[in-house]
Amino acid sequence: MGGQANLYSFPAVDALAPVLRAYIIQCQTAGIHRHGIFKVAVSGGSLPKTLAQALLTPPASEDDVVHWDKWEIFFADERAVPLDHADSNYALLKAELLDKLPAGAAQPVVHPIDTSLLDDTQELADNYEQELVKSFASRDSVKLPIFDLLLLGCGPDGHTCSLFPGHELLRETSAWVAPIEDSPKPPPKRVTLTLPVVTHAVRVAFVATGGGKKEVMKEIFEAGNGLPCALVNEGAGERCSWFVDDAAVEGVTYPRRAFNL
Ligand SMILES: O=C(O)[C@H](O)[C@@H](O)[C@H](O)[C@H](O)COP(=O)(O)O
């Protein structure tokens with residue numbers, strides 16, 4: 001794919017958040033320029049909280065505005081639970097970010113899973129794939145959806161979305177959204193974007209913070225070892241950027257880049 005993933009490191013989340021915002025705004029501008037809309041998929045974990053820190057502050061200038069009314073938000077992975085369940089990534093994003101958007105301001109379009117299908121994760125995944133098909137045009141003409149931006153986390157085992165190390169799902173080549181019933185991280189039943197969809201996005205951003213990530217960050221950036229996050233780095237190359245704190249990359253020799261705000 002050419003080029004290598006970009007690694008941006010900051011002393012703490014407070015310093016990371018404004019740069020993440022600037023990066024997201026760049027992606028937003030490009031998306032709106034390309035097709036009048038900004039199509040994003042987000043993960044769960046600690047990401048929604050960091051996104052809130054990055055995106056809920058007032059704009060510093062006209063070029064710094066988050067155009068929520070142009071955002072179409074999908075879930076990079078979701079747990080097969082009701083939308084108000086403590087394990088729901090939708091509930092997490094709602095509580096951390098969506099509910100905090102200024103009242104009366106323009107709102108994004110959000111695509112949750114269809115919870116009438118929770119008993120059949122294959123149906124749940126197929127239905128969510130159809131949600132993507134509707135948004136990204138017909139599958140006959142589009143081999144893979146092209147998200148403007150994926151905002152992802154990285155688990156301490158190197159997983160991202162609900163793509164886990166060594167899992168057969170990593171070999172999926174045709175589905176856009178796949179079910180998983182044996183997630184090693186609870187809850188076991190989930191749906192996830194597949195690796196080809198992830199690596200096909202215009203931009204992929206990982207946010208990883210805290211010393212608990214340093215061992216896996218070393219493995220991802222120095223050995224790879226087929227870890228899902230490393231596969232995304234390989235597939236997306238320079239379209240992939242990591243926003244991390246210094247604690248998460250302590251001892252990692254991979255070169256950091258400077259982000260020009
Ligand atoms: O549904 C999930 O389990 C999350 O989407 C998951 O993929 C998460 O992004 C990582 O586990 C990182 O989580 P942290 O950011 O909390 O470390």
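These numbers come from the heavy atoms of this one structure, side chains and all, not from hydrogens, waters or symmetry mates. Note that this is a predicted model, so its numbers are computed, not measured.
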Side chain proximity check, [X] to [Y], heavy atoms < 4.5 angstrom:
X: Ile113; Y: Leu83; result: yes
X: Ser88; Y: Pro82; result: no
X: Pro108; Y: Leu101; result: yes
X: Leu144; Y: Trp176; result: yes
X: Ser135; Y: Phe74; result: yes
X: Phe147; Y: Val204; result: no

What I want to find out is whether Arg34 reaches Asp148 closely enough, with some N-O distance under 4.0 Å, to be called a salt bridge.
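Counted as a salt bridge, because a side-chain N and a carboxylate O are separated by less than 4.0 Å.
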
Any Lys/Arg nitrogen of Lys218 or Glu215 sitting under 4.0 Å from an Asp/Glu carboxylate oxygen of the other?
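Looking at Glu215 together with Lys218, the answer is no, because their closest N to O distance does not fall below 4.0 Å.
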
Path from [X] to [Y] over hydrophobic side-chain contacts below 4.5 Å:
X: Ile37; Y: Ile25; answer: no
X: Val13; Y: Leu47; answer: no
X: Val133; Y: Leu124; answer: yes
X: Val19; Y: Leu151; answer: yes
X: Phe38; Y: Val202; answer: no

Answer yes or no for Lys39 and Phe136: cation-pi contact, defined as NZ/CZ to six-membered ring centre under 6.0 Å and angle to ring axis within 45°.
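Pair Lys39/Phe136 counts as cation-pi.
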
Considering all heavy atoms, the nearest [X]-[Y] contact:
X: Leu193; Y: Ala41; value: CD1-CB, 4.0 Å
X: Asn89; Y: Glu78; value: N-OE1, 2.7 Å
X: Ser183; Y: Arg190; value: OG-NE, 3.2 Å
X: Leu20; Y: Ala54; value: CD2-CB, 4.3 Å
X: Ala178; Y: Leu169; value: CB-CD2, 3.3 Å
X: Glu222; Y: Tyr254; value: OE2-N, 4.2 Å

If you measure only the distance, is there a donor-acceptor pair under 3.5 Å linking the side chains of [X] and [Y]?
X: Ser162; Y: Asp77; value: yes
X: Thr57; Y: Arg21; value: yes
X: Asp126; Y: Gln122; value: yes
X: Gln4; Y: Asn233; value: no
X: Asp63; Y: Ser61; value: no

With rounding to the nearest 0.5 Å, note down the distance linking [atom1] in [X] to [atom2] in [Y].
X: Gln130; Y: Asp114; atom1: CD; atom2: CG; result: 12.0 Å
X: Leu152; Y: Cys229; atom1: CG; atom2: SG; result: 8.0 Å
X: Thr121; Y: Glu181; atom1: OG1; atom2: CD; result: 3.5 Å
X: Trp71; Y: Ile24; atom1: CH2; atom2: CD1; result: 5.0 Å
X: Leu150; Y: Arg203; atom1: CG; atom2: CZ; result: 12.0 Å
X: Lys100; Y: Leu56; atom1: NZ; atom2: CG; result: 7.0 Å

Please confirm whether the backbone N or O of [Y] pairs with a side-chain atom of [X], one donor and one acceptor, at under 3.5 Å?
X: Arg79; Y: His85; answer: no
X: Asp64; Y: Ala60; answer: yes
X: Glu123; Y: Ala125; answer: no
X: Gln28; Y: Val65; answer: yes
X: Gln107; Y: Ala105; answer: yes

Could you check Asp182 against His167 for side-chain contact (heavy atoms from CB on, under 4.5 Å), going step by step and ending with a plain yes or no?
CA-CA 9 Å; Asp182 57 354; His167 198 280; 2.7 Å; yes

Kindly indicate, with the supporting measurements, whether the criterion side-chain contact (heavy atoms from CB on, under 4.5 Å) is fulfilled by Val198 and Cys161.
CA-CA 9 Å; Val198 174; Cys161 303; 3.9 Å; yes

Could you walk me through whether Cys154 and Thr160 pass the side-chain contact (heavy atoms from CB on, under 4.5 Å) test, one step at a time?
CA-CA 5 Å; Cys154 157; Thr160 190; 5.6 Å; no

Asp99 atom CG, neighbour heavy-atom count above 12 within 6.0 Å
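Atom CG in Asp99 is crowded, with more than 12 foreign heavy atoms closer than 6.0 Å.
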
Do the two ring centres, one from Phe243 and one from Tyr23, sit under 6.0 Å apart?
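When the ring centroids of Phe243 and Tyr23 are compared, they turn out to be within the sub-6.0 Å range.
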
Does the pair Arg256 and Tyr8 meet the rule for a side-chain contact (heavy atoms from CB on, under 4.5 Å), with working shown?
CA-CA 6 Å; Arg256 278 63 154 170; Tyr8 303 106; over 6 Å; no

For a side chain to side chain contact (heavy atoms under 4.5 Å, CB included) with Ser9, tell me which candidate from Val252, Leu16, Val249, Asp245 qualifies.
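Single pass found, and it is Val249.
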
Any idea how Phe206 and Trp242 line up, ring-wise: parallel (<30°), tilted (30 to 60°), or perpendicular (>60°)?
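Judged by the thresholds at 30° and 60°, the geometry between Phe206 and Trp242 is parallel.
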
